[in-house]
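Written out below as structure tokens is the structure these notes cover.
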Amino acid sequence: SRGGTIMGVIVLHTIAPREFDVRTLNMLTHTAPLMAGVIENAQLYEDARRRVATLSALSTLSQRIAAVAGREELYLEATRGVRSLLGSDHVRLYALDPQLRQLELVAADPPADGDLDVRSANVNAILLDLLAQRERRDDASMRRVRDALAFDAGIKEVRVASLAAGGEHLGVLVSASSRALRDDAGELLKAVANQAAVALKKAELIERLTDDNIVRDLFAALERGDPDDAKRAAHAARCEIASAHVFIAARRSRESEGAAQAWAQIAERVERGLRRHVPGALCDVGADDIRALVPLPSGGSDRELGVLDETLDRLARASGVSIGRSEARNGPEDAPDGLRQAAHAAQVGGALKPSGTAMAYRDLGPYRYLVHLMDGEAGGDPLLEAIQVLREYDRRRGSQLVATLEQYLADRRGVTETARTLMVHPNTLRQRLERIEVLTGLDLAREDLLTLEMALKVEQLRSPRR
């Protein structure tokens with residue numbers, strides 16, 4: 001024995017009439033502890049060798065996992081490595097879609113014979129429950145996993161580790177064996193899962209940066225009107241530029257311009273929404289706007305564009321941005337015009353609805369012809385200055401002179417119709433019109449209606465209604 005632990009028994013035999021004397025028994029008593037020490041040292045040595053071998057194997061596996069650049073290669077490396085490290089019969093890796101809360105089989109070693117990616121609610125619920133349990137996984141939970149994943153009847157032991165990085169769950173690593181695994185199998189599986197999670201985040205970042213650079217090159221080629229470079233970049237981005245598509249522009253809405261939230265945060269939310277709700281969208285995030293190319297699988301039918309516009313409007317309102325959409329087009333040749341259409345639609349939409357909206361270029365009406373004046377190219381115009389006076393008066397007094405003038409012009413100077421629309425008495429309307437003439441020096445009965453209405457719309461774009 002050694003330290004109270006019985007390690008074995010020494011048995012001496014003799015043939016009568018010989019008997020063991022006291023000296024023999026004393027020798028045996030002294031020899032047994034020595035042999036126990038030798039055995040213990042041998043066991044410690046073997047344990048140390050196994051630990052060193054395990055750590056070496058784990059280190060080698062960690063280096064291989066860290067060296068991979070793509071996620072597919074990473075999945076295969078992790079499953080093969082775990083099976084070799086633990087001596088498992090089966091290893092499977094399930095990746096988590098955080099938006100859908102759905103786990104998908106992405107790698108298996110040995111390779112799956114059939115379709116093991118069973119997307120049943122039962123399997124998904126069991127694995128997601130294990131992610132939530134963290135360290136509270138018991139034998140009953142492991143049996144549920146074994147049964148749900150349809151392992152062979154000979155599988156006796158199942159271990160599960162979650163791929164998590166920075167508190168974010170990325171997937172589940174499952175090991176199944178027909179024999180009892182070593183005591184440290186759970187810790188080793190967890191170590192590999194952690195390494196795989198970190199490598200997966202790195203691979204996603206590399207893919208994202210690569211895709212971002214390709215998409216940025218694509219938009220640069222489209223913007224400068226270079227169809228050859230655009231086609232090459234589109235091919236690298238796995239985009240069929242010759243098929244029907246539209247351009248989208250998103251920018252911070254006027255009401256959110258003074259918000260403390262940084263554009264980077266808003267842009268990330270908008271880009272995530274586009275990628276999730278608009279399949280195939282290629283996004284180029286700039287310092288103060290987002291440009292996107294959206295494929296139209298149905299060729300740009302009215303129904304398809306209507307669904308797209310509804311999706312964009314929900315995203316715009318939820319994110320506090322203005323989103324503009326171009327007309328549908330094919331090929332890269334007229335891309336500069338499409339990009340301008342999307343940008344103008346976003347600009348007009350942000351001016352008309354400062355809280356956030358989505359507008360299609362076809363719905364801009366006369367604003368499509370006025371949008372180039374929004375940057376002050378018509379400075380010093382007396383009609384624009386008159387509208388500015390009215391807007392400032394409304395701001396100070398809380399009045400509605402600009403809205404009254406706009407409706408009055410829309411009704412072609414019809415006092416009765418305008419009063420009915422504004423739900424005021426005709427005399428009240430006349431008083432407002434007189435106030436407008438006093439403040440601005442305009443003669444509403446003699447001013448050209450079209451010119452005054454255009455001036456009002458241009459000023460409205462510059463100073464959107466609150």
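If you're wondering where the values come from, they're calculated on a predicted model, not measured in any experiment.
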**OP:** Identify, with sequence neighbours excluded, every residue that meets side-chain hydrogen bond (donor to acceptor under 3.5 Å, both in side chains) alongside Glu223.
**Re:** Arg291
Subject >> Set of side-chain hydrogen bond (donor to acceptor under 3.5 Å, both in side chains) partners for Asn194, sequence neighbours left out >> reply: none
Subject >> Atom pair CZ/OG1 of Arg413 and Thr418 - distance to nearest 0.5 Å >> reply: 11.0 Å
Subject >> From Leu401 atom CG to Thr440 atom OG1, the distance as rounded to the nearest 0.5 Å >> reply: 9.5 Å
**OP:** For side chain to side chain contact (heavy atoms under 4.5 Å, CB included), just list the numbers for Val294 and Leu274, CA-CA rounded to whole Å, side-chain angles, deciding distance to a tenth of an Å, and then say yes or no.
**Re:** CA-CA 9 Å; Val294 176; Leu274 284 172; 5.7 Å; no
Original post:
Is there a donor-acceptor pair closer than 3.5 Å between any side-chain N or O of Thr79 and the backbone N or O of Leu76?
Top reply: yes
**OP:** Kindly indicate, with the supporting measurements, whether the criterion side chain to side chain contact (heavy atoms under 4.5 Å, CB included) is fulfilled by Leu383 and Glu447.
**Re:** CA-CA 10 Å; Leu383 291 182; Glu447 292 292 341; 4.0 Å; yes
Original post:
Are a donor atom and an acceptor atom from the side chains of Thr357 and Asp313 found within less than 3.5 Å of each other?
Top reply: yes
Original post:
What heavy-atom pair brings Ala316 and Ala358 nearest, and what distance separates the two atoms?
Top reply: CB-N, 4.0 Å
Original post:
What are the two closest non-hydrogen atoms of Cys283 and Val215, and how far apart are they?
Top reply: O-CG1, 3.4 Å
Subject >> Non-hydrogen side-chain atoms of Arg269 and Ile266 separated by less than 4.5 Å >> reply: yes
**OP:** Show the numbers, then the answer: is there a side chain to side chain contact (heavy atoms under 4.5 Å, CB included) between Leu308 and Leu296?
**Re:** CA-CA 9 Å; Leu308 175 61; Leu296 300 172; 4.3 Å; yes
Could you list the donor-acceptor pairs under 3.5 angstrom formed by side chains in residues 228-242, with sequence neighbours left out?
{"residue": "Asp229", "atom": "OD1", "partner": "Arg232", "partner atom": "NH2", "Å": "2.2"}
{"residue": "Asp229", "atom": "OD2", "partner": "Arg224", "partner atom": "NH2", "Å": "2.9"}

Original post:
For Tyr408, which residues count as a ring-ring contact (aromatic ring centres under 6.0 Å, His included) partner, sequence neighbours excluded?
Top reply: none
**OP:** Could you tell me which non-hydrogen atom of Phe219 sits nearest to which non-hydrogen atom of Leu293, and how far apart they are?
**Re:** CZ-N, 3.5 Å
Original post:
Is any side-chain heavy atom of Asp337 closer than 4.5 Å to a side-chain heavy atom of Arg340?
Top reply: yes
Subject >> Minimum side-chain heavy-atom gap Asp448-Leu452 below 4.5 Å >> reply: no
**OP:** Please check if any side-chain donor atom of Thr404 sits under 3.5 Å from a side-chain acceptor atom of Arg432, or the reverse.
**Re:** yes
**OP:** Return each pair, listed once, that meets salt bridge (Lys or Arg N to Asp or Glu O under 4.0 Å) where at least one residue sits in residues 318-330; pairs must be two or more places apart or across chains.
**Re:** Asp309-Arg325, Glu327-Arg362, Arg329-Asp334
Subject >> Inter-residue atom distance Gln347.CD - Leu364.CG, 0.5 Å rounding >> reply: 10.5 Å
Original post:
What distance separates Asp288 CG from Trp263 CH2, expressed to the nearest 0.5 Å?
Top reply: 7.5 Å
Original post:
Below 4.5 Å, heavy atoms only, C-beta onward: do Val307 and Glu304 meet side chain to side chain?
Top reply: no
Original post:
Heavy atoms, side chains only, cut-off 4.5 Å: are His344 and Met359 in contact?
Top reply: no
Original post:
Could you state the interatomic distance from CZ (Arg391) to CG (Leu405), rounded to the nearest 0.5 Å?
Top reply: 10.5 Å
Original post:
Are Arg92 and Tyr94 close enough that some pair of their side-chain heavy atoms sits under 4.5 Å apart?
Top reply: yes
**OP:** Please round to the nearest 0.5 Å and tell me the distance separating atom CG of Leu315 and atom CZ of Arg272.
**Re:** 10.0 Å
Original post:
Is the closest side-chain heavy-atom distance between Ile290 and Asp284 below 4.5 Å?
Top reply: no
**OP:** Answer yes or no: is there an ion pair linking Glu392 with Arg397, defined by an N-O contact shorter than 4.0 Å?
**Re:** no
Subject >> Flag if over 12 foreign heavy atoms under 6.0 Å of CZ, Arg396 >> reply: yes
Subject >> Nearest non-hydrogen partners of Ala445 and Glu437, listed with the distance >> reply: N-OE2, 4.3 Å
Subject >> Contact summary for Ser88 and Ser175, nearest pair of heavy atoms >> reply: OG-OG, 2.6 Å
Original post:
When you look at Leu173 and Val91, which way does the side chain to side chain contact (heavy atoms under 4.5 Å, CB included) test go after all the steps?
Top reply: CA-CA 7 Å; Leu173 193 58; Val91 177; 4.1 Å; yes
Original post:
What side chain to side chain donor-acceptor pair (under 3.5 Å) pairs are there with at least one residue in residues 419-428, not counting sequence neighbours?
Top reply: Asn427-Arg430
Subject >> Closest heavy-atom pair and its distance - Ile387, Val402 >> reply: O-CG2, 4.4 Å
